[in-house]
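Scroll down for the structure; my scribbles are underneath it.
Predicted model only: the values in this text are computed from it and were never measured.
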Amino acid sequence: MPSRTEHHSPAGVGRSLPERGLLLLAVLVLLEGSVLPLGAASSPDTNHQGNVDNHNEGNVGHNVTTKKPFPVLSLDYHHIQTPFEISLWVLLASLMKLGFHLIPRLSGIVPESCLLITVGLLVGGLIKLAGEKVPPVLDSRLFFLCLLPPIILDAGYFLPIRPFMENLGTILMFAVVGTLWNAFFIGGLLYAVCQIQPSNPSSLHQLELLPCLLFGSIVSAVDPVAVLAVFEEIHINELLHILVFGESLLNDAVTVVLYHLFEEYSGVGTVTVLDGFLGVICFFVVALGGVLVGAIYGILAAFTSRFTSHTRVIEPLFVFVYSYMAYLSAEMFHLSGIMALIACGAVMRPYVEANISHKSHTTIKYFLKMWSSVSETLIFIFLGVATVDGQHDWNWTFVTVTVILCLVARVIGVVGLTYIINKFRIVKLTTKDQFIVAYGGLRGAIAFSLGFLLDNDHFPKRNMFLTAIITVIFFTVFVQGMTIKPLVELLAVKKKQEAKRSINEEIHTQFLDHLLTGIEDICGHYGHHHWKDKLNRFNKKYVKKCLIAGERSKEPQLIAFYHKMEMKQAIELVESGGGVKLPAAMPSTVSMQNIQPKKPPPAKTAERALPQLPKGREEEIRKILRSNLQRTRQRLRSYNRHTLVADPFEDGFNELLLKKQRMIELEKKIKEMSNYLTVPAAPPDSPTMCRARLASDPQTYSMKPGSDNMPSIQVDLASPQSPDSVNMLDEFKLANQQRRQEEEDQGLMMKPPSSTGGHNKSGEEDGGRDQQKLMRCLSDPGPSADEDEDEPFLP
Amino acid sequence: MGASQTRTEHQYQSLADKTGFSLEQIKNLHQRFQHLSGNEEKISRENLDSIPALANNPIKKQIIEAFFDKRNQHQEEVGFFEEIGFEQFLMVMSHFRPPTLKMTEEEKQAMRKEKLRFLFNMHDTDNDGTITLDEYRKVVEELLSKSGAIDQEAAKAIADAAMLEVASTNVPHMGPDDFYEGITFEHFEQILKGLEMESRMHIRFLGVDTTTMRCGKSTS
């Protein structure tokens, strides 16, 4: 799971103590300042009433005699109240997030969620102290319709499909059976405990079975928001992460059904077998219906994205709006909105990513991260505020028994289910794994909101429920959240592998897929791989043709992966400040030449240092270059010039990537031919030299071709550099000359050195200048974080 | 009838000890073998070729060749069979058994090595102990063969890049005149370390899973 907290640590770490203190003080002052209007805003009625009265008086006064002077400056808070409040809360949340990362020690020990709840408590306390009424912030409608969807969409869109599908059986077992077990165990035992109060007839006796079961079902569901918040920081291995996270997503269907079932019938007091049976059917309808709704919207979004090649700017909007509508449609029918959202994101992603431009992809990624981050922060702060606000009914027995039962139920559930699941799994779950899965069962704001929705008339014990829920949430988030990181270290649980995915692994993953499918076919066994292969073929044959525009629909996965890698290398090359060697990702001196088999020297070893290209080769080169050029241009000219200011840096960047592409092609071509050993090797300038030289030259970048008319390659026989450090700029000249050659339609000739050093320098300057500009425009980290999400660059 | 029954079971038992399958699994596989061979004692390449489901598989040829490759029989021989019997068939299949819960680290490593060796043999068609660039190119081309009209250049470029990656990971500093001969088995192991082959390269065999059958008995 990619981390949502961007670690801009260098700035904060370097600060000294007094500066940090000042910054904290400033944050606190701002907090105080923002609290007062929040408090004042919470009592709008009195204000409004006052205004009306004034207005009336004014009218009356006006009728009589006076004419008020024209108000030059007036204050009308009421006019902008609601958006202002919302903005203040969002601003507060973001500033808090900023603040925490400036104190690295604290954010290392305490997970962010705990800190945010504490802040919420503080803010709520401050508002109460100020004497104002705390606004009912964690309104269930606000929560379910505005705060939850971005987080779930972010999770669903970037869900790692392969591990999810491979472990789907396990995840479903935990989600469905585990949650059911938790709900009934907790509800049932609570009821029993409440009934056995011997001597003092406490108020607990009034509690009936059905409300207890309802309470059990609310408090038993593992919460995706809390899980995400805590697990993101501990970086455990992919399997455990997907197990706990997948469970938290898929148990929504169970929770929805149980909640509605018990809520409906708590008034009546009994649940018959028929109702139970209907409940089971309802579960399937809710779950499968949710997935279906999500899938339909996902396909619609994919289909729409096929036609957006002329209006790239609104591509991200389609992704967001379709997903949100999927969620709302599912909620409309009381289906599982979370599952709809996950299904929508997962279904549309492969097709949408093949269709949209690279920048739209980056936009989607960053917007989703931003929204989900803000949502999560707000949720935790609101939890804190709502805790201060709520009318609490503290009952020692009830609350402590609940907390204990939650833990016990979770442990028993996980251990029991793992025993059964391990019989069917190939890669078994060890005891350590079971412990982490059990310990990672955190409760969160969904439980609170569901409790909040309860009607006070039907459930006289609502406040007690809410208190218990909040206690459980606090316990899991604070105690379990804070201790899980040291426990993971202590138990030496396998961590996430940070290694980048190599092309060898990709080749062999595909190879394995086909191999295993073949072996299964030989065995006559219609297994897992067989069906996966069938689905892939169906996808390739029919679905991709409909949903992906143009040529991309036929591109095999391996080639897409390869292009992705090339793109990434090109970006790395540019970002590393240029230089003429390949980027530091491969800190070896191995180059293409080392792996190409040596060919026998040609018969003619005449005076020239470089061979002449045969005609056939030259045709090939030209064709490849032209096709590359066309395809690259198609991909890059993706903005409507009327809506966006032309970005000269983007043009330069495009040119550079073009050239890099051509350079790679040419390098390969040239090296495949008969030997040529000494290649242009003017010693490359260090990047600082390049930048220093062009600091004074602010012209817009343009790739001027060399001043010569005759194309040439600089060959410096004096300095025997290794051939792989081909001077990139000389390749540029070669590329330029190629381009001109296409137009002029001449044969390709590479002449021995003739041009002056000055020419070379201007060529270098161009390249250097371009690098300088690119360094400036590449101040944001760019989309290089996660491999799986970058879309292939070239068609 | 009774005599042949016990003889078959005796055979099965020795096979089970050698390959690690359970008796149930061996019986099921034998049935499949009879089906494929048309009740003969041996099967040839044509028998496997005629399986309809394999027609769509891009690496069908390599898979079939792997069954007839003597190197996969763990007997230090090289070359190819023309026909194979049930025992050889089973030997090849045993490469696809899953790891059990009770395996130690060394056993898991040994299993991983065995599976990687199988893959290596599939790529190294001329049996010189290395996968050369040409052989690797062929692998990539075969992988892409069923995906429609593929630009030859793309396949070559991918193979070249992959080879470059292996070379730079394993032999980081080569002079400009050195030549990387090909991927040796050690380099192959190194480059595929991250895939955890023992957990990925397996299929569920027909019949009861080995572990549940042997609950309480010795490990398979």
Do other residues, nucleotides or ligands put more than 12 heavy atoms under 6.0 Å from [X] [atom1]?
X: A:Tyr419; atom1: OH; value: no
X: B:Lys113; atom1: NZ; value: no
X: B:Lys138; atom1: NZ; value: no
X: B:Glu141; atom1: CD; value: yes
X: B:Lys42; atom1: NZ; value: yes
X: B:Glu87; atom1: CD; value: no

Looking only at A:Arg537, A:His508, A:Gln510, the option with the highest number of non-hydrogen pairs under 4.5 Å against chain B is A:His508
Answer key: most heavy-atom pairs under 4.5 Å with chain B among A:Ile507, A:Ile522, A:Asp533 is A:Ile522
Considering non-hydrogen atoms only, spot the tightest contact between [X] and [Y] and give its length.
X: A:Ile519; Y: B:Ile63; result: CD1-CG2, 4.3 Å
X: A:Asn504; Y: B:Glu165; result: ND2-OE1, 3.0 Å
X: A:His514; Y: B:Asn57; result: O-ND2, 3.0 Å
X: B:Ile158; Y: A:Ile503; result: CG2-CD1, 3.7 Å
X: B:Ile59; Y: A:Leu515; result: CD1-N, 3.8 Å

[X], part contacting chain A, at a heavy-atom distance under 4.5 Å:
X: B:Val92; result: neither
X: B:Phe33; result: neither
X: B:Leu119; result: side chain
X: B:His202; result: both

So, the part of A:Leu516 with a heavy atom under 4.5 Å from chain B: the answer is both
So OG of A:Ser502 and CG of B:Leu195: to nearest 0.5 Å the spacing works out to 7.5 Å
CE (B:Met122) and CZ (A:Phe511) are apart, to the nearest 0.5 Å, by 4.0 Å
Ranked by heavy-atom pairs below 4.5 Å to chain A, first place among B:Ile51, B:Asn56, B:Thr132 goes to B:Asn56
Comparing B:Lys60, B:Arg200, B:His35 against chain A, the one with the most heavy-atom pairs below 4.5 Å turns out to be B:Arg200
